[in-house]
Structures are given as structure tokens and as C-alpha cells.
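Positions are given from 1 along the sequence.
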Amino acid sequence: HPRATMLTYQIEVSGVTTGATIEIQHKAATDNWIVAHSEVTTAADIEEPIVLAGRFDETRVVISGYTDGTYTVSAGAA
């Protein structure tokens, strides 16, 4: 999504018993990745929309501390 001013992420989680940490990051002008949104998932089933406003050249999703379950993250310009 080059130079998006608003992005929407849909996070879907299923089959989770202990969870993971999900971060949505964007790349700063200094080439450093900055966390725009972070959450720890511990519920069995989640469907959650996340809306970010700003000027984003590059974004990525990082899932860490993964123990179980299925994680699906999709993005689109709002």
C-alpha cells in the first residue's frame, strides 16, 4: 500500500489457548520499524478490525511468542 493514509487490518484468531503477541509495524523515514499497534491474544476466537491513520510507505505484521492457534491478518486501504 504505497503512501496509504489510512489502513485497515482484520485480525482473525482461532484455536488459541495461550496466545501470542501481534504487532503491526510501519517503517519510519530512518528505516527503523515502529510499532503502530500491539496486542496480546489469549482468547480462543477473535475477529477484530484495526484502523491506522498516517502516511505509511511500508507496513508489516509481526507475530511473536506464538504457542498455538491459527492467526490470519489481512490488510487493505480504508
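- Between Y71 and T41 there is a side-chain heavy-atom pair separated by less than 4.5 Å.
- Y66 and I22 fall within the same hydrophobic cluster, where Ile, Leu, Val, Met, Phe, Trp and Tyr residues are linked whenever their side-chain heavy atoms come under 4.5 Å apart, directly or through other members.
- T21 has its side chain out of reach of I63: every pair of non-hydrogen atoms, C-beta onward, lies at least 4.5 Å apart.
- T59 has its side chain within reach of Y9: a pair of non-hydrogen atoms, C-beta onward, lies under 4.5 Å apart.
- Of all heavy-atom pairs between A20 and S64, the closest is CB-O, 3.4 Å.
- Counting only heavy atoms from C-beta outward, the side chains of Q10 and T8 never approach each other to under 4.5 Å.
- Between I11 and E39 there is a side-chain heavy-atom pair separated by less than 4.5 Å.
- Taking every heavy atom of both residues into account, G19 and D68 meet most closely at N-OD1, 3.6 Å.
- The distance from atom CD of E23 to atom NE2 of H37, rounded to the nearest 0.5 Å, is 10.0 Å.
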